[in-house]
**Q** 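Input: one structure, supplied below.
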Amino acid sequence: MIKVNNTWMILFRKNIRDFKANFGELSSILILSFMSLLVFAGLLSASNGMKIEFNKWANKSNLADEWVLINNGKIRTSKLNADTNIKHFQKQFVFNAYTGSENSKKMLQVATISSNKVSKPSVIKGSGFSSTKKGIWIDKNYAHKNNLKVGSSISIKTDIGEKKLKVNGLIVSPNYIGYTDTSNDIVANHKKYGYAITNYKSMSLSKNQVNQILVSGTKGVSSKKLKASLNKDLASAVVSISSRNENNNVAKFTDKANSIEKLSVLFCLVLFSLVILTTATTMSRLIYAQRQNIGLLRALGFSKALNYFHFIQYGLVTTIIGGVTGLILGPRLIGPLILTKQEPLFNMVSWQVHSTNFSWVMLSLLLVVSLCTSLMAVRKSVKNTPAKILQDNMAPSKSQHASIITKNLGWDWKWVLRDKSRDKVKELIGIIAIIGSLMLIIASLGIQNSLVRTNKDTFGSTFAYKNELKIKSNSPSMALNKLTAKLNDDYQMVEQVSMNIQSATNEELSTGTIVGNGIYLSLPSNNGTVKSLNDKNGVYVSALVAKKLNIKTNQNVRLKTTLSVKPIVVPVLGIVNVSSPQGVYLNSVYWQKLKQNFSPTSVYTGQTVDKSTKSLNIVNQTNTLSHNLNNADTVLSSFQSVIALLIVFSLLLSWFVLYNLGMLNFTERYREYATMKILGFRLNEIRSTIIKDSLITWFVGTIIGLPVGLLFLRAYVNIANSQTTQFFAQIGMFRLILAIAIVFVNTFIISLVVARQVKKIDMASALKSVD
Amino acid sequence: MAFVEVKEISKEYENGNAKTYALNKVSFSLPEGTFNVVLGPSGSGKTTMLNMLGGMDSLSSGQISIRNEQISKMSEKQLTEYRRKSVGFVFQFYNIIPSLTILENVDLVRNLNTDSFSPKEILERVGLKNRMSSFPQDLSGGELQRVSIARAVCKNPDILLCDEPTGALDSETGKSILKLLQSMSKKYHKTVIVVTHNATIAEIADNVVKIKDGHLNDFSCNEHPLNVEEIEW
């Protein structure tokens with residue numbers, strides 16, 4: 001063995017020069033390692049930041065662990081006081097109030113509280129809450145959009161009358177992080193909807209008026225135990241109990257943080273496979289080009305270990321540089337970008353990215369992956385004897401048999417197909433690259449398609465009204481008749497209420513949509529048929545809720561509302577693919593047959609609503625279908641940056657991997673192409689074999705990639721789901737063909753780029769000996 | 001009338017300010033249907049000469065004509081057509097495509113020319129009748145060189161250019177290859193030019209072009225070339 005006193009330095013210098021000489025090839029590993037960690041660390045820092053900031057706020061504000069919806073009435077709190085599982089509880093009376101002029105009514109959800117122990121709002125401006133000081137503390141976003149300032153006064157109208165209150169402070173409440181309003185809106189409209197807190201004194205209400213209790217549990221007590229305790233303490237007064245992950249307003253935020261985390265993992269999986277493929281192909285190419293040096297070093301007596309150490313550095317050092325840079329920049333670039341897109345969707349007090357150590361774990365994993373891939377590529381050469389390496393004997397020498405399939409094909413197809421069958425691993429890498437690329441592009445084009453189509457189906461197909469009039473609950477029938485007459489009897493009455501749905505195995509607080517006969521709400525089932533609720537005796541359950549509660553058609557479920565004396569049992573007529581609101585749908589006639597009160601909260605109509613109708617006393621608000629659709633589109637825009645990233649990645653994936661593979665094939669077949677050139681084959685004839693080679697890989701990759709891509713799209717779309725909204729994976733034929741075409745064009749261009757190398761072949765080299 | 005006419009050809013390379021000549025004002029002519037040897041030591045410029053004759057490299061000056069056609073003035077496209085139709089190459093290391101069978105390797109060039117020979121017939125002639133469906137990796141060096149010759153002859157070129165065709169073979173196999181080349185030249189009336197450093201081979205040639213340091217050292221015609229069986233190396 002040769003002593004390596006000075007050798008390390010010499011080899012180090014060689015490596016530096018090799019890095020410079022092969023920067024073009026190595027940059028593919030560099031860029032993809034960088035991007036993998038950039039996106040992963042960026043997305044994770046955003047989701048981690050959301051969680052940390054939420055937890056900080058939850059601790060500081062003593063955010064409720066359980067929200068107990070109770071029948072309005074006098075509650076005996078002695079049991080709650082004595083319950084050791086309960087740290088604090090806070091009784092409140094929550095109601096909807098309206099402000100603004102007759103033509104532009106705005107809604108405030110007001111919580112009347114006597115103490116401020118649980119879910120304490122952050123006061124942004126003005127004084128803190130006081131149970132004795134008359135006035136109101138208003139949502140700062142609502143105040144900002146409606147030009148309300150501390151000290152100004154606001155007039156609120158409720159079912160029991162009108163009150164003029166002084167604005168004591170502007171607040172942000174953890175109870176309302178994801179608050180939109182009571183109906184189907186996906187995104188908050190701060191101009192029209194807000195929340196507020198006040199005290200009993202200001203509202204002149206009796207302290208016995210309670211319809212909600214906020215509870216924070218003793219440390220270490222599980223939600224299940226706390227719920228059991230509350231059910232025992234409050235007995236029949238309980239309508240429903242929602243924990244943090246069941247409370248829509250709060251869960252929307254935590255769901256979003258989780259979905260970004262899932263997205264980072266999903267990205268990570270795809271990008272890691274991308275790095276593996278790129279490293280494998282790039283390293284194979286570089287090592288193939290360096291085989292003479294490897295043979296020489298081995299022949300000179302350098303150990304295998306030294307060879308491994310020397311040559312794996314190409315991949316490893318590049319991955320370290322790319323990965324660490326991505327890890328540092330991800331939380332600084334991608335993280336804030338994601339948070340900026342989320343900010344308008346939530347009432348959050350603070351937005352900050354927080355890096356996590358898990359990113360470093362992923363970097364280590366990436367390095368291990370890169371190391372293994374590089375080792376495998378180097379091993380291919382180093383494992384052989386020096387003589388064999390120097391003989392340039394890289395082409396497989398195993399025997400072949402002419403297959404019946406290739407027998408009748410032209411020489412070029414035979415050549416390409418047999419070459420592929422000789423090196424199946426290399427071909428598999430190419431196919432995986434196509435599958436990965438197609439998968440990402442289908443997901444990129446499909447996610448947009450799915451969200452847009454789901455929104456359009458919801459506001460256009462499921463809900464087909466032109467105008468939605470929100471009306472006061474418990475409106476007298478005379479007032480309702482007056483309204484419907486103004487709508488030319490073209491209407492459908494709807495009541496949306498919070499409803500506790502119980503199956504045999506589980507329960508969930510969701511929305512009950514009770515509709516009168518009409519044509520403006522129809523429910524698409526999962527077999528494509530559309531269900532009307534007219535004259536139906538039973539309920540339809542939305543798919544997401546049905547899945548959560550394990551509900552199937554023809555089973556029974558128990559329903560309970562705040563006004564129910566006892567739960568009612570109803571049969572499930574079917575599962576419906578409704579995006580929003582999730583919950584149960586039933587007909588008002590059937591509801592009344594069950595001895596339940598039907599008190600419409602909305603009226604859907606196909607008529608244009610004139611000023612005089614809007615100004616009717618029972619009309620709180622008017623929304624158009626297009627307004628609701630626009631809201632949904634705002635949510636969609638928050639996905640656009642991620643979609644753009646996906647498209648870029650998918651193209652980079654196929655570019656780097658297929659280009660490297662193409663160049664590796666070219667290097668391996670250099671003498672063959674040179675021979676053909678000398679024999680008199682024209683450039684286009686040689687080019688066509690290269691293109692055919694790529695097209696076969698593209699074809700096989702596409703056949704497999706299509707179903708895999710559709711499955712990936714479904715998984716990706718599911719990430720966008722929340723407690724209240726389900727999105728359905730959809731991709732139109734045009735977009736599917738476009739995805740295939742993008743991968744095809746990319747593959748074709750790469751083939752042409754590789755084929756250009758044929759022109760540069762020095763024909764004389766084919767005649768030279770190799771040893 | 002000379003079939004191959006080489007007039008004052010030079011090939012120079014610039015190395016900084018210095019000029020290096022791979023070939024320097026070399027002239028000779030060869031008649032059609034003859035077996036010719038270009039002889040010279042390593043670095044003498046014989047492979048450069050072959051590259052010029054094959055239309056694979058450009059001249060710095062001078063001209064080369066094959067059948068009165070000046071290949072030194074041809075465009076890239078015309079040179080491809082020239083190689084396609086007029087030249088058959090035999091390489092030292094065979095350069096057989098490993099993914100194609102022996103028959104397919106020969107058949108590959110059949111369509112390059114309109115009056116090609118039948119690949120099967122040529123393979124029979126070179127003694128590979130029973131190896132047609134084999135793949136290159138199953139053949140010996142001598143057999144592979146026969147495939148290379150069959151491939152070169154199949155498209156019925158005007159001229160066969162052979163670069164050290166026996167360089168990678170033992171003497172017995174080498175002799176059989178030379179015999180084959182000689183018989184191909186006679187049977188099909190092809191002009192064969194063999195480039196080699198092996199002076200023994202010159203004894204079987206009709207004409208011998210000796211090159212040294214880029215210059216024409218000697219040009220001789222063998223009145224009585226030896227039979228391949230008579231030479232030894």
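Reminder, nothing fancy here: chain letters follow the sequence lines and each chain counts from 1.
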**Q** Taking atom CE of A/Met376 as the centre, report whether more than 12 heavy atoms of other residues, nucleotides or ligands fall under 6.0 Å from it.
**A** no
**Q** What closest approach, in Å, do A/Glu672 and B/Pro98 show between heavy atoms, and which atom pair accounts for it?
**A**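 Result for this residue pair: OE2-CD, 3.3 Å.
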**Q** Give the minimum heavy-atom separation between B/Thr101 and A/Arg418, together with the two atoms involved.
**A**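 What the structure gives for the nearest pair is N-NH1, 3.7 Å.
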**Q** With a 4.5 angstrom heavy-atom cut-off, which part of B/Lys77 approaches chain A: side chain, backbone, both or neither?
**A** neither
**Q** So, B/Arg83 side chain and A/Lys677 main chain: donor-acceptor pair closer than 3.5 Å or not?
**A**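 Yes.
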**Q** Evaluate whether atom NZ of B/Lys85 has more than 12 neighbouring non-hydrogen atoms of other residues, nucleotides or ligands under 6.0 angstrom away.
**A** yes
**Q** Would you say NZ of B/Lys25 has more than 12 non-hydrogen atoms from neighbouring residues, nucleotides or ligands within 6.0 angstrom?
**A** no
**Q** So what's closer than 4.5 Å to chain A heavy atoms on B/Leu112: side chain, backbone, both or neither?
**A**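 For B/Leu112, the side chain is the part near chain A, not the backbone.
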**Q** Is a side-chain N or O of A/Lys414 found less than 3.5 angstrom from the main chain of B/Glu104, in a donor-acceptor match?
**A** no
**Q** Pick out which of B/Tyr94, B/Phe91, B/Phe89 makes a side-chain contact (heavy atoms from CB on, under 4.5 Å) with A/Thr675.
**A** B/Phe91
**Q** Measure the shortest side-chain to side-chain distance between A/Glu685 and B/Thr80 over non-hydrogen atoms and say whether it is less than 4.5 angstrom.
**A**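 Of all side-chain heavy-atom pairs linking B/Thr80 with A/Glu685, none is under 4.5 Å.
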**Q** Counting only heavy atoms not in A/Lys692 (residues, nucleotides, ligands), do more than 12 fall under 6.0 Å from its NZ?
**A** yes
**Q** Decide if atom CZ of A/Phe748 counts as having more than 12 heavy atoms of other residues, nucleotides or ligands within a radius under 6.0 Å.
**A**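 Not buried by this count: 12 neighbours or fewer within 6.0 Å.
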**Q** Distance check, rounded to the nearest 0.5 Å: B/Arg151 atom CZ versus A/Leu679 atom CG?
**A** 5.0 Å
**Q** Please report the closest heavy-atom contact between A/Met676 and B/Ile97, naming both atoms and the distance.
**A**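 Smallest interatomic distance, heavy atoms only, reads CG-CD1, 4.2 Å.
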**Q** Does NZ belonging to B/Lys11 count more than 12 external heavy atoms closer than 6.0 Å?
**A** yes
**Q** Which atom names give the shortest non-hydrogen contact between B/Arg84 and A/Phe681, and what distance separates them?
**A**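 Heavy-atom minimum between the residues: NH1-CA, 3.9 Å.
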**Q** Determine the option with the most heavy-atom pairs under 4.5 angstrom with chain A, choosing from B/Ile96, B/Thr48, B/Leu108.
**A**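 Max contact count across the listed options: B/Leu108.
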**Q** May I ask you to check whether over 12 heavy atoms, not counting those of B/Gln70, lie within 6.0 Å of atom CD?
**A**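 More than 12 within 6.0 Å, yes.
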**Q** Would the number of heavy atoms belonging to other residues, nucleotides or ligands and lying under 6.0 Å from CZ of A/Phe19 be above 12?
**A** yes
**Q** About how many Å separate OH of A/Tyr673 and CG of B/Asn95, when rounded to the nearest 0.5 Å?
**A** 14.5 Å
**Q** How long is the span from the CH2 atom in A/Trp411 to the CG atom in B/Leu100, to the nearest 0.5 Å?
**A** 8.0 Å
**Q** Report which part of B/Glu164 has an atom under 4.5 Å of a heavy atom belonging to chain A: side chain, backbone, both, or neither.
**A**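 It is neither, since no heavy atom gets under 4.5 Å.
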